[in-house]
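Okay, so here's the structure we're looking at.
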Amino acid sequence: MTAARRRYWLMKSEPDVYSIDDLKRDRKTMWDGVRNYQARNLMRDDMSVGDPVLFYHSNAKPMCIAGLAEVASKSYPDPSAFDRKDKHYDPKSDPENPTWMLVDVKHVATFEAPLTREMLAAEPALADMMLLRRGSRLSVQPVTAAEFKVVQALAKRAAKAAGA
DNA sequence: GCCAACGTTGGC
DNA sequence: GCCAACGTTGGC
């Protein structure tokens with residue numbers, strides 16, 4: 001057994017559809033409905049159980065990193081791809097050889113003060129973060145260890161400021 | 001609501 | 001294999 005290098009991720013969700021509060025309530029959820037090959041490949045090939053995940057609220061007011069989650073399973077076929085009634089049903093995906101894979105994600109912490117996109121954009125250390133790049137639509141993104149550290153520090157600072 | 005960015009589809 | 005048309009994401 002070789003220990004996998006710890007990797008860090010950011011996953012986007014529209015809070016109107018599924019928010020960090022929903023994740024907290026559910027404790028754990030299937031990250032279903034992803035229909036982008038790049039995002040799938042990251043979940044299928046690169047994620048390990050225990051990897052930290054930044055939970056991002058997209059298309060929201062405010063847009064923000066709302067908290068911390070964690071990869072809670074290995075990848076497995078996305079059942080919503082086989083459900084005719086599901087919005088993300090994919091008739092081309094063969095259950096014998098599934099196209100779409102997902103992982104379970106579990107709630108770790110909801111930030112006391114959400115880190116708004118504005119705050120992130122104002123942080124020089126995050127200048128190269130994929131999330132902040134123009135036109136970056138990928139809903140599952142890698143985050144560097146350095147970026148993750150900075151986000152954690154910002155979250156701590158924001159919580160302090162909010163509580164003070 | 002607009003539209004830039006980008007992925008997918010399908011004709012050729 | 002190219003590329004135009006189209007659909008979606010998601011910030012603004």
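Everything quoted here is computed from the prediction, not taken from an experiment. The basis for the numbers below is simple: all heavy atoms, side chains too, and nothing from hydrogens, waters or symmetry mates.
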Note down the inter-axis angle between the two ends of the helix from dG1(B)-dC12(C) to dC12(B)-dG1(C), five pairs each, to the nearest 10°.
10°

Using a heavy-atom distance cut-off of less than 4.0 Å, which residues of residues 88-96 of chain A contact DNA chain B?
Lys92(A)

For residues 150-157 of chain A, which side-chain N or O atoms pair as donor and acceptor with protein atoms under 3.5 Å away, sequence neighbours left out?
none

Contact residues, residues 134-143 of chain A to DNA chain B [heavy atom, < 4.0 Å]
Arg134(A), Gly135(A), Arg137(A)

Mind listing the side-chain donor-acceptor pairs of residues 25-32 of chain A below 3.5 Å, one per line with the distance, residues two or more places apart or on another chain?
from: Arg25(A); atom 1: NH1; to: Asp22(A); atom 2: OD1; distance (Å): 3.1
from: Asp26(A); atom 1: OD2; to: Tyr18(A); atom 2: OH; distance (Å): 2.6

Report the C-alpha separation of Ser80(A) and Tyr89(A) in whole Å, then their side-chain angles, then the decisive distance to 0.1 Å, and conclude whether the side chain to side chain contact (heavy atoms under 4.5 Å, CB included) test is met.
CA-CA 6 Å; Ser80(A) 72; Tyr89(A) 173 59; over 6 Å; no

Verify the cluster assignment for Val34(A) and Ile20(A): are they in a single hydrophobic cluster under the rule of side-chain heavy atoms below 4.5 Å apart?
yes

Just grab all the ring pair (Phe, Tyr, Trp, His ring centres under 6.0 Å) pairs involving residues 109-137 of chain A, residues at least two apart or on different chains.
none

So which pairs with a foot in residues 140-163 of chain A pass ring pair (Phe, Tyr, Trp, His ring centres under 6.0 Å), sequence neighbours left out?
Tyr8(A)-Phe148(A)

Apart from Trp100(A) itself, members of its ILVMFWY cluster (side-chain separation under 4.5 Å) are Tyr37(A)

Counting only heavy atoms not in Glu112(A), do more than 12 fall under 6.0 Å of its CD?
no

For residues 36-54 of chain A, the salt bridge (charged side-chain N to carboxylate O under 4.0 Å, His left out) pairs (sequence neighbours left out) are Arg6(A)-Asp51(A)

Could you go through residues 68-75 of chain A and list every donor-acceptor pair under 3.5 Å that involves a side-chain atom there, pairing it with any protein atom two or more places apart or in another chain?
from: Ser73(A); atom 1: OG; to: Asp104(A); atom 2: N; distance (Å): 2.8

With a 4.0 Å cut-off (strictly under) to non-hydrogen atoms of chain A, the first and last hit nts on DNA chain C, 5' to 3', are dG7(C) to dC12(C)

Using heavy-atom distances to pick each residue's nearest nucleotide on DNA chain B, tell me which of Asn59(A) and Tyr37(A) is more 5'.
Asn59(A)

Can you list, pair by pair, the side-chain donor-acceptor contacts under 3.5 Å of residues 132-145 of chain A, counting residues two or more places apart and other chains?
from: Arg133(A); atom 1: NH1; to: Asp128(A); atom 2: O; distance (Å): 2.9
from: Ser136(A); atom 1: OG; to: Met130(A); atom 2: O; distance (Å): 3.0
from: Ser136(A); atom 1: OG; to: Gln141(A); atom 2: NE2; distance (Å): 3.1
from: Gln141(A); atom 1: OE1; to: Leu131(A); atom 2: N; distance (Å): 3.2
from: Gln141(A); atom 1: NE2; to: Leu138(A); atom 2: O; distance (Å): 3.1
from: Thr144(A); atom 1: OG1; to: Glu147(A); atom 2: N; distance (Å): 3.0
from: Thr144(A); atom 1: OG1; to: Glu147(A); atom 2: OE1; distance (Å): 3.4

Does a donor on one side chain sit under 3.5 Å from an acceptor on the other, for Arg117(A) and Ser58(A)?
no

